[in-house]
Amino acid sequence: MPLEEIRGSFRVFENSLRGSLQKVGFEHLQVGCDCASKYVQGTVAASYPLSKVGNGTSFFKIILQESENPCSKAGAVNTYMFGKLAEDCASVVHQGDIMVVAGFSVSKSTSEADGHCCRLEVSDEAGSTIYIKMKRKIKSRESTHQVCTRSSNTITGSETVAMSVAPSYTYTPLNLVKGGTIVNLYGAVKFFKPPYKCKGTDYCSVITIVDQSDAKLICSLFNVNRDALPQIYKNGDIVRFHRIKIKEFSGQLQGISSSGFAALTFDGTVGTPVVPRTSSKLFTFTDEDRKTIEDLRIWVASNLLNSAVAAKLSGIQPPMYFDLTCQLVGKAKLDGSSYLLKVWDGTKCPFLYWKVVVREDDFEGDSVLIHRLRNLTVDVVVYDNHVQLAKSLKVGSFIRLYSLHAKFQSPEDEPDVSYLQFHLHGGTTYGRGITSLPEGHADVEDLKKFLNSVDLMEDESSESPSEPENAYFTLGSCSEGCQQLSVTVLRDHQHFEVTALSTILNSRSPQPYRIRAKLRQFEPEKLHQSVKLHCPQCKLLQEVPDGSELDLILQEASATCPRPDLQNTSFCESVVWDTENQGQRRVVIHFVKHDELLQDPEDSLIMIEGGTLEEILKLSKKFKGIIPVRAMEDDLELLDLSAPFLWQGNIPHYGCKHCSNPKAIASLSPLAAQKDPLWEPTTIAQALGLVPLEYVFVMKFMLDDGTGTLNVYLMDCKDFFQIPASEVLTNNIFQENIERIMNKLCPSGTNLDDLPWLDCFIKSYYVTDGREQQICYRVFDTTIAEDV
DNA sequence: TTAGGCTTAG
């Protein structure tokens, strides 16, 4: 067998080996020596991850340290294993194991840093045999996570080698971090917001860490993938951040995830296994890391006061905010901005509590189980930003609700009775949020054990404070209006109180409000009339030219003749396209070169002289971007800014006539010289000295909340309808969607009573025509609910 | 870009 484990006494084994083979010391290993009857013996000082060489053969490298002669200059030798032997060894070899290698060949080492002039090579094909005397039996395979393990007593030579593969990280104590640097940090979590979808494109997690230096650092971490953010479950967890950027904000240093950011998270409890939580497949983890974590754990135990309150349902003391670890047994949609989670933690809530009635069709969960648990489950209503995550939770899974609010509320028709309600309010303040706990998490295992021990029969027979007959009532009966559907979702500022329109009408100061009202009327009726072009700089609005206007603009601009001598400029390759049967009309296409070469059409920017709208639209299906140009004096230049400066897809992009300062087309050449030019409209506009206009929906809503009516403007690029205004004029599906939404918000011939509610943010502001000031209102941070 | 800890108000 090419790989054998040595059982029993190593001395006995070695004696048996000496009958046929001769031991060779590391200092006698030389290229060209006859090793057929030799063996070497050493201790595994370090191992590297199993990898593959160019032809796909498996490759495994270890550093073998001469056990009996650790002071020798040639005390360590790199051993390279190939093929199946490499795979077999990689799965069993650990640092500290004693290894005997026979049937090896000796090659010249490729690096002086290897510490030995030679290296050993072994494989099944070469007839090699490796014997391993395990340092200890290891049941769990924690060490498979290790990219490289450095022995605590490695000699200098092998340490150098180890570090050249697995970088040695330096960790900055939190009191020594400086603005404008990128550092590696260790810290204990003092506060955290579980990952949530933020206003940008990513998920965000805000984490405050502390360490033995007593300094704290608030870190904002972003990632498009929720799972890539640190998996923190409670304060006191320990994090390791690599490549976090430090910058100053409001006079305070903060950390922010930058390119290459990576995190590991560990349970912060002394004595629990040191197992890193990460979604990354490859990371380093050394003995020093383990030591750092163990030291931090000890420090946490006596220095970090956990401000979060964790409670069982049996122990709550309302009103309070607390963290609840529980199992999800059912869930249901309530309306666009609220969602029901039915949960239990095996204990009984001692108060009369609120149960939410939902339509059977909207409910997901095992009704038989829920009936059996009826005296132990509680209904949690989650709002706003938490709805999306709540929807995605799996019934049966274990979850933690952070900063859950338990408070009493009396129904209007029963002022003498108060029921306990559980709300996970909107927003993320105080770390409000939900995490799904993974199977195997210690708290999940404990909860499972406890849930299995609960005697349901005993509970079912007992008198319950929340008998369904008298405790069930609908969302609506607790507070006027709260059950009625809102067709909008608030993207932020959920703590704002609702202001009546009558109050707003009587106020003259510019300020934001949260309102709840119905849409009586809106203008314009025709959707295409609502899309305008808006200059973010001078704020002017203008109409979007229609097809016939555009055609005319292009015809006028094409009146100048293409100049053949302006072709083939430094960054373009030009062709003349003779139009058939169209008299004198000639079209010149300039292909923008990248790195002296033409790109694939779908990545290419082209410029066109003398093309019609029809031709441009045809070409825009094939090329990344099209810039209409004309020849003027000695250079190519943009058309008059009445015409688009760019087509991308079938969308024309315009520049502001007032704010732009157009430059010669040659200004694009630095962009063309970039490694991978993306040809984004904003970068092209910037290079050409243009301020790009944005497409916006402009609508006027007449809102009514029963206390008054208010005209409110909507001016929005994409956030309100979740449909980009830039694409709506050229996309039938988007047009139909918006028409459907508007029809739901304000169906014609419907009484005000039957219209849906809109929760909105509006802000008041003044406009002046030079003589008179007028107060106006505008919608912001409001989105149409997904299910509308 | 986003958030920049510091409870909703249903």
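Reminder, nothing fancy here: chain letters follow the sequence lines and each chain counts from 1.
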Student: Remember a base hit wins even if backbone is also touched, and classify Tyr196(A) as base, sugar-phosphate or nothing at under 4.0 Å, heavy atoms.
Tutor: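 Sugar-phosphate only.
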Student: How would you label the contact of Lys197(A) with the nucleic acid (heavy atoms, under 4.0 Å): base, sugar-phosphate, or nothing?
Tutor: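 Nothing, no heavy atom under 4.0 Å.
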Student: Among dA3(B), dG5(B), dT2(B), which is the nearest nucleotide to the side chain of Lys247(A)?
Tutor: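 In terms of side-chain proximity for Lys247(A), the closest of dA3(B), dG5(B), dT2(B) is dA3(B).
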Student: With a non-hydrogen cut-off below 4.0 angstrom, is Thr208(A) in contact with a base, only sugar-phosphate, or nothing?
Tutor: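 Counting heavy atoms under 4.0 Å across all strands, the contact made by Thr208(A) includes a base.
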Student: Indicate yes or no: at least one non-hydrogen side-chain atom of Leu305(A) is less than 4.5 angstrom from one of Ser307(A).
Tutor: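 They are not in side-chain contact.
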Student: Is the distance from OP1 or OP2 of dG5(B) to the nearest side-chain N or O of Lys216(A) less than 4.0 Å?
Tutor: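 No, no such contact exists.
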Student: Would you call the rings of Phe241(A) and Phe261(A) parallel, tilted or perpendicular, taking 30° and 60° as the class edges?
Tutor: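 Plane angle between 30° and 60°, so tilted.
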Student: Counting heavy atoms from C-beta on, name the nucleotide in dT2(B), dT8(B), dT7(B) closest to the side chain of Lys407(A).
Tutor: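 So the nucleotide nearest the side chain must be dT8(B).
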Student: Any N or O donor-acceptor pair under 3.5 Å from the base of dG10(B) to the side chain of Asp759(A)?
Tutor: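 No such pair is found, so the answer is no.
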Student: Would Lys193(A) and Thr428(A) count as having a side-chain donor-acceptor pair, cut-off 3.5 Å?
Tutor: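 Short answer, yes.
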Student: Tell me: CG of Asn385(A) to C1' of dG5(B), nearest whole Å?
Tutor: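 Asn385(A) atom CG is separated from dG5(B) atom C1' by 15 Å.
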Student: For the side chain of Arg432(A), counting heavy atoms from C-beta on, which of dG5(B), dT2(B), dT7(B) is nearest?
Tutor: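 The closest nucleotide is dT7(B).
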Student: Quick test of the criterion, 5.5 Å between centres and less than 30° between planes. Is Phe222(A) stacked on dT1(B) or not?
Tutor: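 The ring of Phe222(A) is not stacked on dT1(B).
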Student: Does the side-chain ring of Tyr383(A) lie flat on the base of dG10(B), meaning centres under 5.5 Å and planes less than 30 degrees apart?
Tutor: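 The base of dG10(B) is stacked with Tyr383(A) (centres under 5.5 Å, planes under 30°).
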Student: Is Tyr321(A) stacked on the base of dT7(B) when the test is centres under 5.5 angstrom and planes under 30 degrees?
Tutor: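 A stacking contact exists, since Tyr321(A) sits close and nearly parallel to the base ring of dT7(B).
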Student: So that I can tick it off, tell me whether Asp719(A) and Lys199(A) are bridged by a salt bridge, with the cut-off set at under 4.0 angstrom between side-chain N and carboxylate O.
Tutor: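 Between Asp719(A) and Lys199(A) there is no salt bridge, as every charged N stays at least 4.0 Å from the carboxylate O atoms.
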Student: Side chain of Cys198(A) only, heavy atoms from C-beta on: which candidate in dG5(B), dC6(B), dA3(B) is closest?
Tutor: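 Out of dG5(B), dC6(B), dA3(B), the nucleotide with an atom closest to Cys198(A)'s side chain is dA3(B).
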Student: Which nucleotide in the list dA3(B), dG4(B), dG10(B) gets nearest to the side chain of Ser337(A)?
Tutor: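 My answer, after comparing the listed nucleotides, is dG10(B).
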Student: Considering only dA3(B), dT1(B), dT7(B), which nucleotide approaches the side chain of Asp202(A) most closely?
Tutor: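 That would be dT1(B).
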Student: With under 30° as parallel and over 60° as perpendicular, where do the rings of Phe645(A) and His653(A) fit, or are they tilted in between?
Tutor: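 Judged by the thresholds at 30° and 60°, the geometry between Phe645(A) and His653(A) is tilted.
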Student: Given dG10(B), dT2(B), dG5(B), identify the nucleotide with an atom nearest to the side chain of Ile256(A).
Tutor: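 Looking only at heavy atoms from C-beta outward on Ile256(A), the closest nucleotide is dT2(B).
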Student: Can you tell me the distance, in whole Å, between the NZ atom of Lys245(A) and the P atom of dT1(B)?
Tutor: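 My rounded result for the distance is 8 Å.
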